[in-house]
Amino acid sequence: MPAARLRALLAAAPGPAAAVGALHGGTRTVLCSGGALDSTRFETGSLSKTFAALLLAELVARGEVSYADRADRYLPFRIPGPPMTLLHLATHTSGLPRLPPGLIRSAVRSGWFSNPYARFTESDLLTALARTRPRHRPGTRVHYSNFGGALLGGVLARAAGGTGRDYPALLAERITGPLALADTTCDPGLPAATGHWHGRPRPPLRMPGLAPAGAVRSSARDLLRVLEALLYPETAPGRFLRTALTEVQRPRLIIPRTGSRLCLVWNLRPRPDGPLLHHSGGTRGFTAFAGFLPHSGTGLVALTATAPTLLAPFVQAAYTTLCALPVPGRP
């Protein structure tokens with residue numbers, strides 16, 4: 001049954017190449033189209049933030065940082081106003097706007113229709129932060145922020161003794177290396193599928209100042225390994241990583257008027273047969289989705305080499321497919 005549902009999802013994938021995969025009852029299934037393989041890298045967009053969340057939880061498990069730490073504890077200047085914590089950044093409650101001030105101007109200079117974030121650096125991110133006033137008191141409202149996601153990764157790299165530019169190396173050392181994610185990287189120069197926007201091929205996305213928020217490339221097989229680690233944290237190498245894999249799944253707040261919860265970056269939807277955690281992402285050339293049902297052994301990833309369209313029907317189809325997968329041992 002999972003294979004049939006995956007075939008239907010793959011058939012619904014827009015773009016020239018796609019890969020979908022599922023974990024179900026101890027079996028891993030991956031289907032691909034357009035010449036893609038289970039190891040083909042796709043840009044994952046905002047799904048990158050789930051890696052930053054896992055890195056945060058890993059540093060907390062080691063005692064290197066605390067969720068309650070002020071973000072500016074690790075920055076060269078103090079952020080005016082009430083404390084903005086690492087937990088605020090990981091739950092989109094920091095009050096920061098969706099994008100850093102000055103990013104659009106930089107994007108136009110870089111080439112709005114080619115590689116809009118290529119010239120926006122970590123220095124630009126900090127400059128933008130120094131002149132940004134939160135839209136609301138941190139911790140009081142949920143407001144999705146790529147700015148906050150990028151800042152979180154940069155702060156973690158600094159907390160570990162480096163600079164924001166060291167985030168990719170820290171991610172490899174603490175997360176992708178131990179989990180044996182051979183295809184997962186922030187490097188835009190490595191072989192990957194070619195993204196498409198309105199049917200036209202896109203160059204690899206470059207975002208040096210926003211890498212933690214959207215620069216991760218990964219494959220269907222690697223993302224299934226991540227989901228497997230989340231479903232079975234006890235199998236992960238090292239006690240700190242095992243703790244982190246559990247911590248990112250713990251609900252931190254309830255989103256008003258929806259009943260949904262926010263974990264560390266992951267969205268949680270309560271269901272009669274148990275919670276469902278999910279996240280998606282998109283760039284100007286790719287669409288990505290990952291979701292899983294804790295304590296069930298069931299998870300799904302979906303990747304396609306084309307930008308999301310209005311209402312993101314491919315993401316919706318992936319979510320629906322995950323909901324429709326029968327959970328082993330449940331009616």
Side-chain angles (χ1 to χ4, degrees), residues 9 19-23 42-58 87 89-94 98 142-150 152-153 171 175-176 179 181 184 186 210-220 222-231 233 244-255 258-271 274-283 286-294 296 298-304 307-308 311-323 325:
L9 177 60
V20 298
L23 294 168
F42 292 73
E43 293 173 7
T44 67
S46 287
L47 196 58
S48 303
K49 296 181 183 70
T50 63
F51 287 91
L54 186 55
L55 185 58
L56 167 61
E58 202 270 352
L87 183 61
L89 294 175
T91 55
H92 297 293
T93 56
S94 66
R98 188 178 187 92
V142 176
H143 182 84
Y144 191 90
S145 177
N146 290 306
F147 191 178
L152 174 62
L171 186 67
I175 305 299
T176 62
L179 290 179
L181 306 181
T184 304
C186 294
L210 298 168
V216 170
R217 279 93 169 146
S218 193
S219 64
D222 269 12
L223 290 176
L224 285 179
R225 284 173 180 158
V226 173
L227 294 188
E228 196 165 32
L230 289 163
L231 289 165
L245 287 161
T246 300
E247 277 292 296
V248 295
Q249 302 180 50
R250 185 160 66 84
R252 309 288 169 159
L253 56 88
I254 298 176
I255 301 177
T258 68
S260 296
R261 276 74 167 164
L262 261 179
C263 304
L264 293 183
V265 173
W266 288 96
N267 303 295
L268 186 153
R269 298 277 180 89
R271 288 159 41 95
L276 184 154
L277 276 73
H278 68 98
H279 208 285
S280 61
T283 68
F286 294 85
T287 305
F289 171 89
F292 63 102
L293 287 76
S296 74
T298 301
L300 182 139
V301 302
L303 303 163
T304 186
L311 302 181
F314 181 61
V315 169
Q316 295 297 328
Y319 181 88
T320 300
T321 302
L322 175 59
C323 291
L325 291 179

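Residues: numbered from 1 along the sequence shown.
Checked against salt bridge (charged side-chain N to carboxylate O under 4.0 Å, His left out), R250 has the following partners two or more places apart in sequence or in another chain: E247. Contacts of A220 classified as side-chain contact (heavy atoms from CB on, under 4.5 Å), with partners at least two apart in sequence or in another chain: A19, V30, V301, L303.
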What verdict does the side-chain contact (heavy atoms from CB on, under 4.5 Å) test give for L325 and L293, after you've listed the backbone C-alpha separation in whole Å, the side-chain angles of each residue and the deciding distance to 0.1 Å? CA-CA 10 Å; L325 291 179; L293 287 76; over 6 Å; no

Determine whether C323 and R271 satisfy the following criterion, side-chain contact (heavy atoms from CB on, under 4.5 Å), listing intermediate values before the conclusion. CA-CA 10 Å; C323 291; R271 288 159 41 95; 3.5 Å; yes

Trace of the side-chain contact (heavy atoms from CB on, under 4.5 Å) decision for T298 with L322: CA-CA 8 Å; T298 301; L322 175 59; 4.2 Å; yes

Between T283 and T44, does a side-chain contact (heavy atoms from CB on, under 4.5 Å) hold up when you go through it step by step? CA-CA 7 Å; T283 68; T44 67; over 6 Å; no

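Taken from OG in S94 to CZ in F147, the straight-line distance is 8.5 Å, to the nearest 0.5 Å. In this structure, S218 OG and L224 CG are separated by 9.5 Å, a value rounded to the nearest 0.5 Å. Taken to the nearest 0.5 Å, the CG atom of L54 stands 9.5 Å off from the CG atom of L264. For the atom pair CZ (R217) and CG (D222), the distance works out to 14.5 Å, reported to the nearest 0.5 Å.
With contacts defined as side-chain heavy-atom distances shorter than 4.5 Å, the pair R225/L179 does not qualify. Side-chain contact check for P275 versus R261: every heavy-atom pair is 4.5 Å or farther apart. Contact of the L262 side chain with the L268 side chain is not registered, since no non-hydrogen atoms from C-beta on lie closer than 4.5 Å. In this structure, P308 and V315 have side chains that are not in contact, with every pair of non-hydrogen atoms separated by 4.5 Å or more. In this structure, L253 and I255 have side chains that are in contact, with non-hydrogen atoms separated by less than 4.5 Å. Residues T184 and V216 form a side-chain contact, since some pair of their non-hydrogen atoms from C-beta on lies under 4.5 Å apart. Between L9 and F314, the closest side-chain pair of non-hydrogen atoms falls below 4.5 Å. Contact check for F51 versus L181: side-chain heavy atoms found under the 4.5 Å cut-off.
Of all heavy-atom pairs between L311 and Q316, the closest is O-CG, 3.7 Å. Residues L227 and A290 share a closest heavy-atom pair of CD2-CB, 4.4 Å. Between C263 and L277, the closest heavy-atom pair is SG-CD2, 4.1 Å. Closest approach of L47 and T50 over heavy atoms only: O-OG1, 2.7 Å. Minimum interatomic distance between L231 and P294 (heavy atoms only, all atoms of both residues): CD2-CA, 4.0 Å. Here the closest non-hydrogen pair linking T287 and A307 is OG1-C, 3.4 Å.
Ring planes of H278 and F289: parallel class, angle under 30° (limits at 30 and 60°).
A side chain to side chain contact (heavy atoms under 4.5 Å, CB included) with V248 holds for exactly one of V265, L230, L55; it is L230.
Side-chain atoms of H92 come within 3.5 Å of backbone atoms of S145 as a donor-acceptor pair (strictly under, hydrogens ignored).
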